[in-house]
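Here is the structure we will look at, set down as structure tokens.
A, B, ... follow the sequence lines: proteins, then strands. Residue 1 opens every chain. Reckoned from all heavy atoms, side chains included, excluding hydrogens, waters and symmetry mates.
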Amino acid sequence: MENRAIARLLAETADLMEISAEDSFRIRSYRTAAGVIEGYPEQMASILKDPEKKLTDIAGIGKGIAAIIEEIEERGSFERRDEMLGKYPAGLLELLNIQGLGPKSVRLLYDTYKVESIDELERICKEQKLRDLPRMGAKLEEKVLRSIASYRKTQGRFLLSFGQRAADELIEYLSSVAGVETVTAAGSLRRGKETIGDLDLLATGTGAEAALEKFVSHPRVHEVLGKGPNKASVKFGLEGLQVDLRALGAESYGAALLYFTGSKEHNISLRSRAQKLGFTLNEYGLELLDNARLDNETRVASATEEEIYAKLGLDWIPPELRENSGEMEAAEEHKLPRLVEERHIRGDVHMHTTESDGRATLAEMAEAARERGLEYIAITDHSKALAMANGLDEKRAVAFAHQVREMDQRGLGLRVFSGLECDILRDGKMDLADDALAELDWVVGSVHSYMNLEAAEMTDRLLRAMECPHLKAIGHPTGRILLHRESFPFDFEVVAAEAARRKIYLEINASPERLDLSAALIRAAKARGCKFVISTDAHHPKHLANMSYGVRMARRGWLEPRDILNTHSAVDFAKAIA
DNA sequence: GCCGTTTTCGGCCCGACTGTTTTCAGTCG
């Protein structure tokens, strides 16, 4: 079973255990293990098969969880999970997504009214029966009904790009308040996660409290979830994105930024470390433990993240790595990667023009790329299998390649390579014949159809495609569309190993709807020796700006400039693909 | 259930806010 699926079984069991009010520390262990496994670059199944390796060597996995993983591999479930599912139906898990309800309330609702679905919960609220339960009232009924509506609309997640736009808008708005010095986005947005659940903003300066007032009165705020002297939470915009704003003094800025950037697992790990070193860490600072008075005299660090990490014996950890998946150990040993940055990117090698389904001409795309400071691009229009995208057949592809070369030689202000995004057909053959592909500088192979094959068939399809001598890269390798479509099933590790062997690049597609590969897969592929390209797949000049999202995914995958082909010069790119 | 330059047993991250209370449990991040 895939790591992600194993992690999910553990996390769900932890949720059920929480509803069942089991030991909270055991629950935490399950959650920690789930997080570690989800981000682990190697499949649990292959570790089990390897006599050289032990699951218990992974931090967060001990004898108990190792046995559970073995049991999962054997039969798809494990004893405690079965036991929990015997006590509480799986439907309760979804109820935990409703804001205002936690495990205690979910259990009470189930025990009292047998509520085990969102629909039933909605009915109980509408019939005003929730208020009959202890410590619950009319206000909670209303809150839960609003939460249900919001959950149904969005499933609670938003694209990173959506969060970024909201953050930009609010930061500009709040920065205009007198006395506000800085407004910064923290949370999963700062970590560059492909989807975010909410938006966390921090404001510093004497005007920070005034910023809270202005915040809750923003015209696009349509619900205030809470407001105190230090923080406020609202639902923002028609989509109902939750935004939290925190007001704080500049002296605590680093501690607060660290705290609100998360991830939660990273924070817990950090605090645990602080405790062992005789400190306590909260959002106000790092303080000496066992000191009766917690005041400035006991505070050892708080103004910047760097000083807090340093006091804990760690190098500063880039936000994208803060997922409690090895970054703490690397920071301790001064072995953190020197992550790729957007300024390292010198070319963009997946984009479309009006020749297929792009919205701008070759000249317009080239001009936009030049304005962005790129040194080279590759034009990769679709192949004929994508008829609805006006994909190119052999004749058109070759003719267009000539046209691209001609324009390149006339000079467009940057180097333009002739390429193609060639469909990988159902049986793994390329959509265009070899002799046509041979005319092109750069062929990206992508799957756009028959995505519901069995995993083995899909794996074979990709392996077969890589036999094509002209294939240089695999485009959006998993086919996922965020919040809409899961990755198609295939054995990623086998495909990645073959790509590494054949020196075929894996694309990190920077389109905000895709962000394909995920961080975990990037790490897994890198561990197998793969190299990458980060590409925007732009269909319009403005899409070229999406490069920043692709770079953030690469950073989350621990990539350095040398792992990425398009950080190299046009000359070196040409050499590498020749 | 995990983990160990205090420990193989006994710890395990921390605080704000809300709504319902008669002093705080539950939820959230």
Side-chain angles (χ1 to χ4, degrees), chain A residues 10 13-14 17-19 21-36 55-69 78 80 95-109 130-144 147 156 186-188 191 196-202 212 224-233 242-248 252 255-256 258-287 289-290 294 312-313 324 332:
Chain A
L10 284 168
T13 305
M17 286 163 71
E18 200 158 31
I19 290 169
E22 309 276 312
D23 175 64
S24 64
F25 299 113
R26 179 176 289 166
I27 293 168
R28 179 188 301 171
S29 296
Y30 277 59
R31 293 234 167 88
T32 307
V36 167
L55 289 174
T56 48
D57 288 342
I58 302 170
I61 297 181
K63 273 166 67 180
I65 302 273
I68 286 174
I69 295 171
F78 57 101
R80 190 177 287 277
L95 296 183
L96 291 173
N97 292 320
I98 301 302
Q99 279 189 324
L101 294 187
K104 295 283 191 294
S105 309
V106 166
R107 177 178 184 166
L108 190 56
L109 278 160
L130 190 77
R131 62 182 68 180
D132 296 339
L133 296 175
R135 302 192 71 91
M136 296 189 189
K139 280 198 165 179
L140 185 66
E141 265 170 7
E142 282 171 34
K143 179 176 182 173
V144 167
S147 300
S188 45
R191 298 203 312 280
I196 62 163
D198 61 13
L199 179 57
D200 298 292
L201 299 176
L202 306 180
L212 288 176
V224 179
L225 298 168
K227 181 173 172 297
N230 300 313
K231 66 178 269 196
S233 296
Q242 179 170 332
V243 185
D244 298 338
L245 175 65
R246 188 95 181 182
L248 47 118
S252 298
L258 186 60
Y259 178 83
F260 288 105
T261 297
S263 65
K264 196 174 176 182
E265 292 72 22
H266 179 86
N267 284 352
I268 289 174
S269 180
L270 215 49
R271 285 203 200 118
S272 189
R273 182 181 180 90
Q275 201 174 48
K276 279 177 200 136
L277 295 171
F279 302 115
T280 176
L281 178 63
N282 59 30
E283 61 261 56
Y284 301 108
L286 184 68
E287 295 165 343
L289 204 61
D290 296 330
L294 293 181
L312 296 173
N324 196 33
E332 185 172 22

## Note on the structure
Separation of B:dC2 atom C1' from A:L55 atom CG, nearest Å, is 15 Å
### Message
So, using salt bridge (Lys or Arg N to Asp or Glu O under 4.0 Å) as the criterion, who are the partners of A:R131 when residues are at least two apart?
### Response
A:E141
### Message
Please report the distance, rounded to the nearest Å, between NZ in A:K63 and P in B:dT8.
### Response
16 Å
### Message
Which is it for B:dT7, anti or syn, if anything within 90° of zero counts as syn?
### Response
syn
### Summary
Sorted by position of nearest nucleotide on DNA chain B, 5' first, the leading residue of A:N230 and A:Y259 is A:N230
### N/O (side chain, A:T280) to phosphate O (OP1/OP2, B:dC14) under 4.0 Å
yes
#### Entry: Protein-nucleotide distance (A:E287, atom CD; B:dG15, atom C1'), rounded to Å
12 Å
### Message
Among residues at least two apart in sequence or on other chains, which ones pass side chain to side chain contact (heavy atoms under 4.5 Å, CB included) with A:K227?
### Response
A:L212, A:E213, A:V216, A:V224, A:A232
### Task
Send over the distance from A:E22 CD to B:dC12 P, rounded to a whole Å.
21 Å
### Query
Contact class for A:I61 (heavy atom, under 4.0 Å): base, sugar-phosphate, or nothing?
sugar-phosphate
### Message
I'd like to check A:I68 versus A:T13 (side-chain heavy atoms, cut-off strictly below 4.5 Å). Are they in contact?
### Response
no
Below 3.5 Å between N/O atoms, which protein atoms pair up with nucleotides 24-27 of chain B? Just atom names and distances, please.
{"from": "B:dC24", "atom 1": "O2", "to": "A:R135", "atom 2": "NH2", "distance (Å)": "2.9"}
{"from": "B:dT27", "atom 1": "OP1", "to": "A:G102", "atom 2": "N", "distance (Å)": "2.7"}
{"from": "B:dT27", "atom 1": "OP1", "to": "A:G102", "atom 2": "O", "distance (Å)": "3.3"}
{"from": "B:dT27", "atom 1": "OP1", "to": "A:S105", "atom 2": "N", "distance (Å)": "3.0"}
{"from": "B:dT27", "atom 1": "OP1", "to": "A:S105", "atom 2": "OG", "distance (Å)": "2.3"}
{"from": "B:dT27", "atom 1": "OP2", "to": "A:K104", "atom 2": "N", "distance (Å)": "3.3"}
{"from": "B:dT27", "atom 1": "O5'", "to": "A:G102", "atom 2": "N", "distance (Å)": "3.4"}

### C1' atoms of B:dG10 and B:dA16, separation to the nearest Å
30 Å
### Message
Checking contacts here: which listed nucleotide (B:dC3, B:dG29, B:dA16) is nearest the side-chain heavy atoms of A:A59?
### Response
B:dC3
### Query
Whole-Å distance between B:dG29 C1' and A:N267 CG?
9 Å
### Task
Tell which nucleotide pairs with B:dT27, taking only Watson-Crick or G-U wobble pairs whose two distances are both under 3.5 angstrom.
B:dA16
### Query
The side chain of A:R26 lies closest to which of these nucleotides: B:dG1, B:dC17, B:dC14?
B:dG1
### Task
Mind listing the closest non-hydrogen atom pair of A:G285 and A:A255 along with its distance?
N-CB, 3.4 Å
### Minimum heavy-atom distance A:V36-A:N324, with the two atoms named
CG2-O, 4.1 Å
## Note on the structure
Residue set satisfying side-chain hydrogen bond (donor to acceptor under 3.5 Å, both in side chains) with A:E332, at least two apart, ordered chain then number -> A:R273
Give the table of side-chain donor-acceptor pairs shorter than 3.5 Å for residues 27-34 of chain A, with sequence neighbours excluded, one pair per line with atom names and distance.
{"from": "A:S29", "atom 1": "OG", "to": "A:F25", "atom 2": "O", "distance (Å)": "3.1"}
{"from": "A:Y30", "atom 1": "OH", "to": "A:R80", "atom 2": "NE", "distance (Å)": "3.2"}
{"from": "A:R31", "atom 1": "NH2", "to": "A:D15", "atom 2": "OD1", "distance (Å)": "2.7"}
{"from": "A:R31", "atom 1": "NH2", "to": "A:E18", "atom 2": "OE1", "distance (Å)": "2.8"}
{"from": "A:T32", "atom 1": "OG1", "to": "A:R28", "atom 2": "O", "distance (Å)": "2.8"}

### Query
How long is the line joining CZ of A:R246 and P of B:dG15, in whole Å?
11 Å
### For atom NZ of A:K231 and atom C1' of B:dT18, their distance in whole Å
11 Å
#### Entry: All side chain to side chain contact (heavy atoms under 4.5 Å, CB included) counterparts of A:I268, not counting sequence neighbours
A:K264
### Query
Taking only side-chain nitrogens and oxygens of A:N282, does any of them come within less than 4.0 Å of OP1 or OP2 of B:dG15?
yes
### Task
Looking only at side-chain atoms of A:R28, point me to the closest of B:dC12, B:dC17, B:dG29.
B:dC12
### Task
Report the residue (A:L96 or A:L140) whose heavy-atom-nearest nucleotide on DNA chain B is the more 5′ of the two.
A:L140
### Minimum heavy-atom distance between A:A66 and A:I61, given as atom pair plus value
N-CG2, 3.9 Å
### Task
For B:dC28 and B:dT20, measure between their P atoms and round to the nearest Å.
15 Å
### Any A:L55 side-chain heavy atom under 4.5 Å of A:I65 side chain
no
Please tabulate, one pair per line, each protein N/O and nucleotide N/O from nucleotides 4-7 of chain B that are separated by under 3.5 Å, including the distance.
none

### Task
Remember a base hit wins even if backbone is also touched, and classify A:G60 as base, sugar-phosphate or nothing at under 4.0 Å, heavy atoms.
sugar-phosphate
### Task
Take atom C1' in B:dT6 and the same atom in B:dC12, then report the distance between them in whole Å.
16 Å
### Query
Among B:dT20, B:dG1, B:dA16, which is the nearest nucleotide to the side chain of A:S29?
B:dG1
### Task
Rounded to whole angstrom, note down the P distance from B:dG1 over to B:dT7.
25 Å
### Message
Roughly how many Å apart are B:dC9 and B:dG15, using the P atom of each and rounding to a whole number?
### Response
31 Å
## Note on the structure
Sequence neighbours excluded, the answer for side chain to side chain contact (heavy atoms under 4.5 Å, CB included) partners of A:T261 is A:A186, A:R190, A:R191, A:L257, A:E305, A:P319, A:R322
### Message
Within the 4.0 Å heavy-atom criterion, would you say A:I65 contacts the bases, only the backbone, or no part of the nucleic acid?
### Response
sugar-phosphate
### Task
Find the distance A:D23:CG to B:dG10:C1' and express it as a whole number of Å.
12 Å
### Message
Taking any heavy-atom pair under 4.0 Å as a contact, classify A:A256: base, sugar-phosphate, or nothing.
### Response
nothing
#### Entry: Phosphate OP1/OP2 of B:dC28: any A:Q242 side-chain N/O under 4.0 Å
no
### Task
Examine B:dA16: is either OP1 or OP2 under 4.0 Å from a nitrogen or oxygen in the side chain of A:Y284? Give yes or no.
yes
### Task
Classify the nucleic acid contact of A:I27 as base, sugar-phosphate or nothing, counting any heavy atom under 4.0 Å across all strands shown.
nothing
#### Entry: Non-neighbouring partners of A:L133 that pass side chain to side chain contact (heavy atoms under 4.5 Å, CB included), sequence neighbours left out
A:L108, A:L109, A:T112, A:Y113, A:L130, A:M136
